Structures are given as C-alpha cells and as structure tokens.
Chemist: 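Dumping the structure here so I can ask a few things about it.
Values below: all heavy atoms of this structure, side chains included; hydrogens, waters and symmetry mates excluded. In this chain, numbering begins with 1 at the start of the sequence shown. Just so it is clear, the structure is predicted and the values come from calculations on it, not from any experiment.
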Amino acid sequence: MTRHLKVSVLSDTKAIKEATFGDILIIDFKKAIPYTKVSDTTALKSLSVLETDIIYKKIEKIFSQPNRIDKVSIFGTTAENDSIKSELDNMWAKNKGYYFVLMSEFDNDKTKSVIEWAVGKGLRPVYLTDNNKTADEAIAFFKKLNNGAIAFATNKADDYPDAIYVGLMCTDIPGRDKWEWKEGTGTVVSGFDLADIDKLEEAGINTVQEEREGVLGLFPGKCSNGEFIDIEWGRDNLQYDIETAFIRAEKAPYKIYHPGVDPRGITQIEGIVNSVIKDYASDFREFIAKDEQGKVRAKINVKTEYTQQQIAAREFEVAWAAIPSGSASYGEIKGLLTFDKTKVGGVS
C-alpha cells in the first residue's frame with residue numbers, strides 16, 4: 001500500500017481484476033525452497049519436490065480445476081514458529097504479486113505464524129486442519145484467530161479442499177460469485193458426522209457436505225471473522241482499485257483541486273470514487289448492488305470543511321457507502337398445494 005494515500009473499506013456485517021488478487025503462494029514447512037513460480041507440476045522436480053509430498057498434491061489439485069490458473073508461487077522454510085515470519089519478510093521484500101497464502105500442511109504454531117504474517121501484509125491466509133484433528137480441536141484453533149483467514153477442515157486422508165477451492169475460485173472476478181455451494185474437481189465429502197458438521201459450520205469453518213445424493217457443496221463459505229469469502233475478497237480488490245485510481249489521478253497532467261478551497265475538487269474526487277464504484281456495480285463485476293432503475297446503491301461524501309493547517313498540508317477526506325450485491329444462499333421456501341382456486345392467482 002502507498003504511504004501517501006490511506007484507503008480503507010469497512011464491512012458493516014459479521015477494469016479486469018488485478019492478477020494479484022487471484023494469485024496463490026504455497027508455503028512448505030518440510031524443506032527449504034527458494035521462492036519460485038511454477039506453471040505445472042513437472043517444474044517441481046528441479047526443486048526436489050516429490051509426488052508424495054503434500055505441497056505437490058496441493059499444487060496438482062489447484063492446476064486440475066476447470067478454469068486453470070497459469071502459475072503458482074511456492075516457498076519453503078524449515079524455520080520454527082515466529083522465526084518463520086522473519087524468513088517470510090525477507091522473501092516478501094523481493095517477491096510480491098499474490099493474494100491467497102496456503103500452507104503445505106497444518107502445524108499449530110507454524111500455521112498460526114503464517115496466518116498472522118499474511119494478515120499483516122494484507123493477504124488472505126487459507127489453511128486446512130489436519131484430518132487427524134477432531135472437530136473440537138479444529139474449532140479451538142480457529143477461535144484463536146479472529147481475522148480474515150479462510151479455514152477448511154476434513155476428516156479424510158489425502159483430501160485437500162483448501163487447494164481445490166482456491167484453485168477453483170481464484171480465476172473468478174473477486175466478489176462476483178459466492179464460494180458456498182460450489183463443487184470443485186476432486187471434491188469429496190469432509191467425513192465428519194452431522195453433529196460435528198453443525199458445530200464446524202456454526203463456527204465458520206468450511207467443509208464439503210452432501211446436500212443430496214451425489215450433490216456436494218462447500219459450506220458456509222466464510223472467513224474466520226464471520227464474513228463471506230466473496231465479500232472480503234471483493235472488498236480487498238475494491239480498496240486496491242480506489243487507491244490505484246487516486247494514484248493515477250495524482251500522476252495526471254492536471255491537479256486535483258482542494259475541496260476545502262475550490263468546488264472543482266469536490267467534483268474531481270467524487271468522480272474518481274464514483275468511477276470505481278460504478279465499475280464494481282457493472283454487469284461485468286456484479287459486486288455492488290443496483291436498484292430497480294439500475295442506479296448504483298451507493299453514496300459519496302467529499303468533506304469540504306477543513307482547518308488552514310489541513311489545507312496547507314493538502315490533506316483531504318472522502319467517505320462513501322455502498323451495498324454489496326451479495327448472494328441468496330440460505331433461505332426458507334414455503335408452498336401450498338390446494339384445490340381452492342381463490343388461493344392461486346391466474347387460475348380461471
């Protein structure tokens with residue numbers, strides 16, 4: 001993020017997308033691997049990654065999804081606990097350009113360290129609890145987080161829903177489509193009994209469930225902070241695009257007038273924000289809601305009252321609010337079968 005513009009987008013609920021917001025980094029805990037981008041699993045041989053290694057299996061799952069991502073970044077470290085963060089900082093200083101951060105396997109301390117590091121960098125950590133952990137153990141770890149991590153749990157060996165679902169969704173436009181109800185290539189039911197499934201779903205941990213015979217889906221499709229994944233993902237991309245729009249405007253041949261002095265500044269700043277919000281309400285992105293007339297459900301307010309010091313320092317403020325289009329995923333459907341014609345419209 002830039003040092004000169006601070007852009008934040010809050011959620012009041014518990015152009016083409018930037019490639020960064022669909023790119024993936026996988027961190028391996030078993031061996032030291034220099035930061036490398038791979039476009040297929042054959043490239044892993046030169047890194048001494050074997051077909052039996054979990055990181056190999058997860059990359060294979062990612063690449064096997066219908067809309068195949070073109071590359072995955074990998075990095076391996078054998079450091080312990082918080083020392084991992086130092087190694088990741090060194091790697092980050094030279095290698096950026098990814099959003100989802102997965103791990104080859106689960107380790108209470110190491111996984112927690114990577115999650116904290118990723119959140120601190122504005123990235124989206126994704127983890128899978130070991131299949132030998134009970135639902136209660138998965139929930140106990142999950143409750144320590146309270147951040148935007150995406151948590152998966154399974155009771156099956158060689159099941160990698162974290163890789164499957166990130167691989168499935170990463171080529172989508174951030175925020176356009178929900179993650180719940182989806183079924184990726186290689187998906188299997190997570191194997192917990194119904195009581196554990198209810199506990200995991202209530203906590204916000206994602207599992208694969210069988211809704212009908214042979215019909216699988218991911219539920220609840222949420223991050224560990226309680227928000228749906230698509231909302232968090234879309235918000236991050238929107239925040240980035242607003243910041244980028246202001247940077248481009250500041251670099252333009254003309255200046256942005258200060259809204260506390262010149263009314264033209266109000267129009268300019270409002271136009272910059274409005275252009276991005278309208279893009280996110282377009283039929284292409286479908287992230288911000290529109291009303292029946294097609295008007296964007298958003299409001300922008302550019303502050304016009306400033307102190308002399310603020311004007312002299314060229315500081316400005318703009319606030320906006322918008323309603324996400326969201327998704328209809330969980331509901332109640334009621335019906336009536338009757339021979340009483342008065343209760344059914346359009347019957348003569």
Side-chain angles (χ1 to χ4, degrees), residues 1-9 15-29 31-40 43-44 46-47 49 55 58-59 62-63 67-79 82-104 110-127 145 147-150 162-163 165-167 169-175 223 229-230 232-251 276 280:
M1 296 299 181
T2 175
R3 294 185 297 109
H4 299 102
L5 283 170
K6 182 178 181 181
V7 178
S8 59
V9 179
I16 302 292
K17 74 177 175 98
E18 297 290 336
T20 299
F21 286 87
D23 285 350
I24 302 166
L25 169 69
I26 301 184
I27 298 170
D28 187 74
F29 295 143
K31 59 187 69 177
I33 303 173
Y35 178 87
T36 310
K37 293 180 181 180
V38 298
S39 56
D40 57 60
L44 297 172
S46 63
L47 300 171
V49 175
I55 188 171
K58 288 196 175 186
I59 291 173
I62 290 170
F63 282 145
N67 294 321
R68 186 185 186 278
I69 191 172
D70 62 347
K71 63 182 181 302
V72 172
S73 299
I74 62 174
F75 178 77
T77 173
T78 57
D82 280 350
S83 297
I84 292 175
K85 295 179 182 179
S86 297
E87 290 209 11
L88 291 175
D89 279 338
N90 293 334
M91 180 271 298
W92 169 262
K94 300 177 182 178
N95 304 286
K96 299 180 176 67
Y98 39 83
Y99 176 75
F100 295 107
V101 179
L102 281 67
M103 286 148 275
S104 61
K110 294 180 180 181
T111 298
K112 187 171 182 291
S113 292
V114 172
I115 289 171
E116 291 171 348
W117 174 83
V119 170
K121 293 291 186 288
L123 306 173
R124 185 67 54 180
V126 183
Y127 77 92
L145 302 179
N147 55 37
I150 301 173
D162 55 336
Y165 279 93
V166 174
M169 299 301 296
C170 69
T171 56
D172 200 6
I173 298 167
C223 298
I229 301 169
D230 54 296
E232 289 282 286
W233 189 23
R235 184 200 64 182
D236 288 350
N237 202 181
L238 176 58
Q239 178 173 316
Y240 180 91
D241 282 353
I242 290 177
E243 181 180 284
T244 301
F246 269 101
I247 291 171
R248 287 172 177 162
E250 294 284 7
K251 294 283 288 183
V276 179
Y280 276 74

Chemist: Rounded to the nearest 0.5 Å, what separates atom CH2 in Trp92 from atom OH in Tyr98?
Modeler: 5.5 Å
Chemist: Minimum heavy-atom separation for Ala149 to Ile115, with atom names?
Modeler: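 Heavy-atom minimum between the residues: CB-CG2, 4.1 Å.
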Chemist: Below 6.0 angstrom between ring centroids: does that apply to Trp233 and Phe100?
Modeler: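 Distance test on ring centres: under 6.0 Å, yes.
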Chemist: May I have the step-by-step check of side chain to side chain contact (heavy atoms under 4.5 Å, CB included) for Val49 and Val38, ending in yes or no?
Modeler: CA-CA 12 Å; Val49 175; Val38 298; over 6 Å; no
Chemist: Please examine the side chains of Val166 and Arg124, heavy atoms only from C-beta on, and report whether any two atoms are closer than 4.5 Å.
Modeler: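 When only atoms from C-beta onward are counted, Val166 and Arg124 do not touch, as no gap falls below 4.5 Å.
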Chemist: A side-chain contact here means heavy atoms from C-beta on lying under 4.5 Å apart; do Ile69 and Ile62 qualify?
Modeler: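 Sidechains of Ile62 and Ile69: in contact.
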Chemist: Rounded to the nearest 0.5 Å, how far does CZ of Phe29 lie from OG of Ser113?
Modeler: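 Taking OG in Ser113 and CZ in Phe29, the distance rounds to 8.0 Å.
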Chemist: What is the distance from atom OG1 of Thr111 to atom CD of Glu116, rounded to the nearest 0.5 Å?
Modeler: 11.0 Å
Chemist: Decide yes or no on side chain to side chain contact (heavy atoms under 4.5 Å, CB included) for Met91 and Ile27, but give the supporting numbers first.
Modeler: CA-CA 11 Å; Met91 180 271 298; Ile27 298 170; 5.5 Å; no
Chemist: Mind checking the CD1-NZ spacing from Ile24 to Lys58? Nearest 0.5 Å is all I need.
Modeler: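 These two atoms lie 11.5 Å from each other.
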Chemist: Which pair of non-hydrogen atoms, one from Ala163 and one from Leu102, has the smallest distance, and what is that distance?
Modeler: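 The pair with the smallest heavy-atom distance is CA-CD2, 3.9 Å.
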Chemist: Side chain to side chain contact (heavy atoms under 4.5 Å, CB included) between Tyr99 and Asn237: does it pass, once the steps are laid out?
Modeler: CA-CA 10 Å; Tyr99 176 75; Asn237 202 181; over 6 Å; no
Chemist: Decide yes or no for Lys31 and Leu47: does some side-chain heavy atom of the first lie under 4.5 Å from some side-chain heavy atom of the second?
Modeler: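 They are not in contact (no side-chain heavy atoms under 4.5 Å apart), so the answer is no.
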Chemist: Flag this pair as yes if the NZ/CZ of Arg68 is under 6.0 angstrom from the six-membered ring centre of Phe63 and inside a 45 degree cone about the axis; otherwise no.
Modeler: yes
Chemist: Carefully, step by step, assess Asp172 and Asp230 under the rule side chain to side chain contact (heavy atoms under 4.5 Å, CB included).
Modeler: CA-CA 10 Å; Asp172 200 6; Asp230 54 296; over 6 Å; no
Chemist: Please give me the minimum heavy-atom distance between Phe75 and Ile33, naming the atom from each residue.
Modeler: CD1-O, 3.4 Å
Chemist: Taking atom NZ of Lys112 as the centre, does the number of heavy atoms from other residues, nucleotides or ligands within less than 6.0 Å exceed 12?
Modeler: no
